[in-house]
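Chain A is the first sequence line, chain B the second, and so forth, proteins listed ahead of strands; every chain is numbered from 1.
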There are 2 protein chains.
Amino acid sequence: MATIEDVAKKVGVSVTTVSRALNNHPYVSEKTQKLIFEAMETMNYTPNRIAQQLRGKQTKLIGVIISRVTNPFFSYLVDAIEQVAYRNGYQVVVLQTLEDKNREINFLQMLQAKQIDGLIMTNAENSYKTLKRYIDLSKVVICNRYTANDEMPIIKIDEHLATHEAVTYLLTKGYTNIAYLTGGSIQDTDFRLQGFISAHQSFGVSYNEELFFPNILTIEDGKNWTKTICSFPKKPDAVFANGDLVAAGVIGQSYDENIKIPDELAVLGFDDQPIASLVYPKLTTIRQPIQEMGEYAAEILFSKLLGTRAPKQIDLKTSLIIREST
Amino acid sequence: MATIEDVAKKVGVSVTTVSRALNNHPYVSEKTQKLIFEAMETMNYTPNRIAQQLRGKQTKLIGVIISRVTNPFFSYLVDAIEQVAYRNGYQVVVLQTLEDKNREINFLQMLQAKQIDGLIMTNAENSYKTLKRYIDLSKVVICNRYTANDEMPIIKIDEHLATHEAVTYLLTKGYTNIAYLTGGSIQDTDFRLQGFISAHQSFGVSYNEELFFPNILTIEDGKNWTKTICSFPKKPDAVFANGDLVAAGVIGQSYDENIKIPDELAVLGFDDQPIASLVYPKLTTIRQPIQEMGEYAAEILFSKLLGTRAPKQIDLKTSLIIREST
DNA sequence: CTGAAAGCGCTTACAG
DNA sequence: CTGAAAGCGCTTACAG
């Protein structure tokens, strides 16, 4: 590949001048400028970004740590982030943890090694204590429900409130034996669980701890859970699923098991992904503004990286979308 | 951030020696090695990848050009590619064209500018003639149904055969007025369309050109199409949708419009995405080995980049998954 | 308006 | 086993 020096030699000027022409520096005569551009064209020259980066110390790349891109929640998030990034002249590197702690550490090191300029984390496999030494607060934004620490900028919805309202709606409809399905397993930072419990308390109904099911996060997990409850002596009459994918799995399997929805089992999802209105019966769910979350996270990251003004940080609004499954 | 020079000074050795220690070069005394690693640890030193890249001329990054990551077909493809890449020490940059020609050119330039080492294209917005000057055959792999040119390595399924078989199945079941829905608009390189037509010919049924509908590629498009046909004097009795998303949209809207599936309208999809078995009635579809496609594409790219042996290039197998919608 | 030279942070051939 | 020096391909302060 041609280098800046090749171009300079061909035109008979210095490397400095070629560089200036390239960067639209004012002090280059029109004539020289023209000659240089012609030479670059015929030589099919493209400046080497890596060399530019070593000087400028920017890669124009940001990373997004997600658990897995096949989950629509994350693909929509990546989509929104990519679009803001592109507008700012950046590209997005997709970093999938696949629930692997080492992968996560690896990704954080990419930031330290300056392979990427900034990072959006939507997820945390390691404890904050472990992560802390790798995280440069001026280059990292947290997006989604990881609640590591108050120091960090975080874009999120009000998990507690959203769940409290939705569960109150279920209780009002007369469901009293509601299962709680979550992808995680840690209970004390689960604000959705807190909202779930507080709704029960406000309503004067006791919350049954045996109906807490951790580590359920895929369609398949939702299906399997549904099979499991068939053998329960006293089945739940409703289920709150953390994520529409799980909820869709529950609905799909219920059809095969001949469980009537919502009569025998009401199903409440979270996210409002496109799948929610395609399953039968259609899924009642809590709508998260995924696109806005991604955009905000990206805007805030770029305001840090580029030193521009940051948008105000707020908890984004959710809404309960009532369809047929409750 | 600490540099290699800082570490060298601290330990009292040359930069060369530190670099050797870093790269596990054999000729470093154990004592020195140990001292150096300790210093790196306490200084929290991470080698600057950009500098390494400028020397080594590698970024350890590959790009994947897709139309949009929110389409599960592409998110599964990216997922598979990412995993192979990670095993080879590479990361994946997601490059969304969003059907924009300029974006595509931009991405190709990233390769020329050596911002990425290689590229997988699943999609082409510009003509091959335009693309040609940007494409370095030793660093690009085509994956999916873009059929630019014989020079390029291409991973694909046998689109013609897959469609021929599936449509023959529909014809055998007695459907004779089958609509064809496609996301694209170019007919002469559409091998699926050719298979669609050839199945009609083999069966001695004429193919009705009025039932060709281009530019239909999202759930929403599928819904809208379904609304449209309600006003047709003679409705199609079956529909072949290019993609399960479109098919799911058709099924969802049919429910709202009270069109009975499959009695009044049979629906055949393409892909076998998870959504296929969650809609009601469950979707009959052509299963594509998306994961394999992604893995093969990545393996072949890395065999080029790393000079290792390439896996044999074959057309991957599809299969018809019969469920309830036909 | 133009150029010589230093420097970004590494790696590696060469010499010891 | 170790180090001085060149070089990767750019940008930019300095001098003209």
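The salt bridge (charged side-chain N to carboxylate O under 4.0 Å, His left out) pairs that include a residue from residues 100-109 of chain B are Glu82(A)-Arg103(B), where partners are two or more places apart or lie in different chains. Counting only residues at least two apart or on different chains, the salt bridge (charged side-chain N to carboxylate O under 4.0 Å, His left out) pairs with a member in residues 22-36 of chain A are Lys34(A)-Glu38(A). The list of ring pair (Phe, Tyr, Trp, His ring centres under 6.0 Å) pairs with a residue in residues 100-122 of chain A, not counting sequence neighbours, is empty.
Here the side chain of Ser67(A) pairs no donor or acceptor atom with the backbone of Leu98(A) at under 3.5 angstrom.
Residue-to-nucleotide proximity on DNA chain D shows that, of Glu30(B) and Ala51(B), the 5′-proximal contact is made by Glu30(B).
Contact between the side-chain N/O atoms of Tyr45(B) and the OP1/OP2 oxygens of dG9(C) is not found at any separation under 4.0 Å. Between Gln52(A) and dT11(D), a side-chain N or O to OP1/OP2 separation shorter than 4.0 Å is present.
For DNA chain D, the neighbouring residues in residues 2-15 of chain A, judged by any heavy atom under 4.0 Å, are Thr3(A), Ile4(A), Val15(A). The stretch residues 32-42 of chain B touches DNA chain D through Thr32(B), each having a heavy atom within less than 4.0 Å of the strand.
Residue Leu119(B) holds its CG atom at 6.5 Å from CG of Leu95(B), rounded to the nearest 0.5 Å. Rounding to the nearest 0.5 Å gives a distance of 10.5 Å between OG1 of Thr17(B) and CD of Gln33(B).
For the strand DNA chain D, secondary-structure stems (runs of at least three Watson-Crick or G-U pairs, all distances below 3.5 Å) span C:1-3 with D:14-16, C:5-12 with D:5-12, C:14-16 with D:1-3.
Residues satisfying the side chain to side chain donor-acceptor pair (under 3.5 Å) test with Asp79(B), not counting sequence neighbours, are Arg68(A), Gln96(A), Gln83(B). Taking Thr42(A) as the reference, nothing meets the side chain to side chain donor-acceptor pair (under 3.5 Å) condition, with sequence neighbours excluded. The side chain to side chain donor-acceptor pair (under 3.5 Å) test applied to Ser303(A) returns no partner, not counting sequence neighbours. Applying the side chain to side chain donor-acceptor pair (under 3.5 Å) test to Lys10(A) and every residue at least two apart in sequence or in another chain returns nothing.
A distance of about 23 Å separates the P atoms of dA6(C) and dT2(C), rounded to the whole Å. Between the P atoms of dA13(C) and dG9(C), the separation comes to 23 Å (whole Å).
Rounded to whole Å, atom C1' of dC8(D) lies 17 Å from atom CZ of Arg49(B). Going from atom CD1 of Ile50(B) over to atom P of dT11(C) covers 13 Å, rounded to whole Å. Rounding to whole angstrom units, CG of residue Asn48(A) and P of dG9(D) are separated by 7 Å. Going from atom CD of Gln115(B) over to atom C1' of dC8(D) covers 17 Å, rounded to whole Å. Between the CD atom of Gln53(A) and the C1' atom of dC8(D) there is a distance of 14 Å, rounded to whole Å. Distance Leu54(B) CG to dC8(D) P: 9 Å, rounded to the nearest Å.
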What's touching nucleotides 13-16 of chain D from the protein side, N or O pairs under 3.5 Å?
{"from": "dA13(D)", "atom 1": "N6", "to": "Arg20(A)", "atom 2": "NH2", "distance (Å)": "3.4"}

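Checked against dC10(C), dT2(C), dT11(D), the side chain of Leu22(A) finds its nearest nucleotide in dT11(D). Set against dG3(D), dC10(D), dC8(C), the side chain of Thr17(B) has dG3(D) as its closest nucleotide.
One side chain, Tyr90(B) or Asp117(B), offers a donor N or O that lies under 3.5 Å from an acceptor on the other. Between the side chains of Ser19(A) and Thr16(A), not a single donor N or O lies within less than 3.5 Å of an accepting N or O.
Partner of Gln291(A) under the side-chain contact (heavy atoms from CB on, under 4.5 Å) criterion, out of Met293(A), Glu295(A), Gln288(A): Glu295(A) alone.
Using a 4.0 Å heavy-atom cutoff across all strands shown, Ser19(B) reaches at least one base atom of the nucleic acid.
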I'd like a table of donor-acceptor pairs (distance under 3.5 Å, sequence neighbours excluded) in which one partner is a side-chain atom from residues 136-143 of chain A, with atom names and distances.
{"from": "Asp136(A)", "atom 1": "OD1", "to": "Ser138(A)", "atom 2": "N", "distance (Å)": "2.9"}
{"from": "Asp136(A)", "atom 1": "OD1", "to": "Ser138(A)", "atom 2": "OG", "distance (Å)": "2.7"}

